[in-house]
Number of protein chains: 2
Amino acid sequence: MTLKAQFDHTNCSECPIRHRAVCAHCERDELEELESIKYYRSFEAGQTIIWSGDPMNFVGSVVSGIASLTQTMEDGRTQMVGLLLPSDFVGRPGRENAPYDVVATTDLVMCCFRKKPFEDMMVTTPHIAQRLLQMTLDELDAAREWMLVLGRKTAREKIASLLSIIARRDASLHQSGQTGSIIFDLPLTREAMADYLGLTLETVSRQISALKKDKVITLESKRHITIPDMRRLMEEAGDDTDGGFLV
Amino acid sequence: MTLKAQFDHTNCSECPIRHRAVCAHCERDELEELESIKYYRSFEAGQTIIWSGDPMNFVGSVVSGIASLTQTMEDGRTQMVGLLLPSDFVGRPGRENAPYDVVATTDLVMCCFRKKPFEDMMVTTPHIAQRLLQMTLDELDAAREWMLVLGRKTAREKIASLLSIIARRDASLHQSGQTGSIIFDLPLTREAMADYLGLTLETVSRQISALKKDKVITLESKRHITIPDMRRLMEEAGDDTDGGFLV
DNA sequence: GTTTCCATTTGATTTCGGTCAAAGTACCCT
DNA sequence: AGGGTACTTTGACCGAAATCAAATGGAAAC
């Protein structure tokens, strides 16, 4: 592995990336502790990063870009099991990494920590362990939320759930509250959506067309979506309340 | 809430329950720290425990028995999102609990901690936070493993996956290695299996019958199962390797 | 022993989503 | 502009699992 510092710390100055554990802006003190054991590495969109087994003895954290965690069966069936946004971690400190592939959805910069010093640090600086625990609990909730989607929702509800999640995440980024319509770009291909939802890409396409026909969503282009009424979309998703959602 | 100490610490003397955070046997020192803020409570099999929202301001840990975490949609569709075995935790320290119901699969004893002192304790005793993090990471892996099952496996593969998981957990409890056939009692009704697998109970029944007909499993009684060849079962489950599995 | 209740099995039919196939669309590249 | 490629849409058909319905089994209660 060749690892090379490619991240300019000054990028972080207004903290747009919410890099909770290591952000130079909001966590300068911790950053200094970590400095000696971390490396930055960048990946191109579409690249698959094998993050399993012993050789990959690193814990990684997304600095910028989006990646997805995927599991693949030997016959090719794949299931996306998580979305990695800036500040999210991958890799199991304290043991061999789980057999997931990390796929860069966009260009990606990751911050990699060698495991051993990372673990030591968690013990010596309990607030980092504490924060990592909070994040892991969030991810666990998201994963469980998704289990309901995968196990019990119809194709139409699955699509609505995914759009609702992305829309809300976008809305929270843009601070635009609940007012009026929400517009966003889909960062996923139809196939990626299918892998996330446990569907085929044809079904994804059909259900998006159906939601468009029923005026639940509007498509400016294939990837640019408007949601005129968020409440309506959430009904379609079968969500009763505004409970937990993915990241 | 009436909470009452009903757990005899001497039960724990050979540590059959792996009660990692509070076991009187293996973690006596920690137990003493926790003593003042914890309460034991027992539940009957079949009882549903609402563990969400503000009023339930507790973190719970299973002392003995089995419980399941379930999510329910307003139209009654339910999905089991986790199995709680002795030593597992429920409840999100540091925030409102997630909207899951805890259903006692067997008679159950839980150890409940008031959240605030529990959180303080995590900061003051970092090794507990560390251990909780490990357990949460394990659960996250299990949840993600299950996402593949829910999203991409056929009914037959789902059943085989569940049986394989239970069989392996049992085998590890009985220290009986990989040798020969494995016999165990199903702790779940067909309906509970269906809720776990995102199927209907009829499909569960049909697939179990099919596996029986094909000699992958043998049923002594409806709940007593023999697996003559574990490798065969794992093939049926579509598992290529012996990767991670649930709890 | 027999009645009751619940879990389970089995059957008949329907339906949702998958599969296979073809056509349409946008974007990049000389 | 033309042509290639990757992504997306749409159609026709099929099959796995859901749904509806009834029968069977097994254990506790009377």
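So that the names make sense, note that chain A is the first sequence line, chain B the second, and so on, each numbered from 1.
Every side chain to side chain donor-acceptor pair (under 3.5 Å) that B:Glu220 has, sequence neighbours left out, goes to B:Thr226. Partners of A:Glu191 according to the side chain to side chain contact (heavy atoms under 4.5 Å, CB included) rule, which considers only residues two or more places apart in sequence or in another chain, are A:Thr189, A:Asp195, A:Leu201. Under the side chain to side chain contact (heavy atoms under 4.5 Å, CB included) criterion, B:Arg156 pairs with B:Thr154, B:Gln207, B:Ala210, B:Leu211, B:Asp214, B:Val216, B:Glu236, not counting sequence neighbours. Residues satisfying the side chain to side chain donor-acceptor pair (under 3.5 Å) test with A:Arg77, not counting sequence neighbours, are A:Asp75, B:Glu157. The side chain to side chain contact (heavy atoms under 4.5 Å, CB included) test applied to B:Asp185 returns B:His224, not counting sequence neighbours. For B:Glu202, the side chain to side chain contact (heavy atoms under 4.5 Å, CB included) partners are B:Thr200, B:Arg206, not counting sequence neighbours. Remark: B:Ser164 pairs with no residue by the side chain to side chain donor-acceptor pair (under 3.5 Å) rule, at least two apart or across chains.
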Under-3.5 Å N/O pairs linking protein and nucleotides 20-28 of chain D:
{"from": "D:dC20", "atom 1": "N4", "to": "B:Glu202", "atom 2": "OE2", "distance (Å)": "3.2"}

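B:Ile166 places a side-chain heavy atom less than 4.5 Å from the side chain of B:Leu188. Contact annotation: the side chain of A:Gln71 approaches that of B:Glu145 to within less than 4.5 Å [non-hydrogen atoms, C-beta and beyond]. Annotation: side chain of B:Phe184 is in contact with side chain of B:Ile182 (closest heavy-atom distance under 4.5 Å). Contact of the B:Asp107 side chain with the B:Phe43 side chain is not registered, since no non-hydrogen atoms from C-beta on lie closer than 4.5 Å.
B:Leu201 places its CG atom 11 Å from the C1' atom of D:dA18, with the value rounded to the nearest Å. Atom CG of B:Leu197 is separated from atom P of D:dA17 by 12 Å (rounded to the nearest Å).
Within 4.0 Å of B:Gly198, counting heavy atoms only, lie sugar-phosphate atoms of the nucleic acid but no base atom. When heavy atoms are screened at a 4.0 angstrom cut-off, A:Thr189 is found touching the sugar-phosphate backbone but no base atom. Counting non-hydrogen atoms under 4.0 angstrom, A:Ile208 reaches nothing in the nucleic acid.
Nucleotides of DNA chain C that come within less than 4.0 Å of any heavy atom of chain B span, from the 5' end to the 3' end, C:dT8 to C:dA12.
For D:dT9, neither phosphate oxygen OP1 nor OP2 lies less than 4.0 angstrom from any side-chain nitrogen or oxygen of A:Ser209.
The stretch residues 149-164 of chain A has no heavy atom under 4.0 angstrom from DNA chain D at all. Within residues 211-220 of chain B, no residue has a heavy atom under 4.0 Å from DNA chain C.
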**OP:** Treat a base pair as Watson-Crick or G-U wobble with both distances under 3.5 Å, then lay out DNA chain C in dot-bracket form, 5' to 3', with | for cross-strand pairs.
**Re:** ||||||||||||||||||||||||||||||
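Between the side chains of B:Lys153 and B:Ser161, at least one donor N or O sits under 3.5 Å from an acceptor N or O.
In this structure, A:Trp146 CH2 and B:Leu150 CG are separated by 12.5 Å, a value rounded to the nearest 0.5 Å. The CD1 atom of A:Ile227 lies 9.5 Å from the OG atom of A:Ser181; values are rounded to the nearest 0.5 Å. In this structure, the separation between OH on B:Tyr196 and CG on B:Leu69 is 9.0 Å, given to the nearest 0.5 Å.
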**OP:** Walk me through it: do A:Glu139 and B:Arg144 pass the test salt bridge (charged side-chain N to carboxylate O under 4.0 Å, His left out)?
**Re:** CA-CA 10 Å; A:Glu139 280 181 76; B:Arg144 285 175 166 164; 2.9 Å; yes
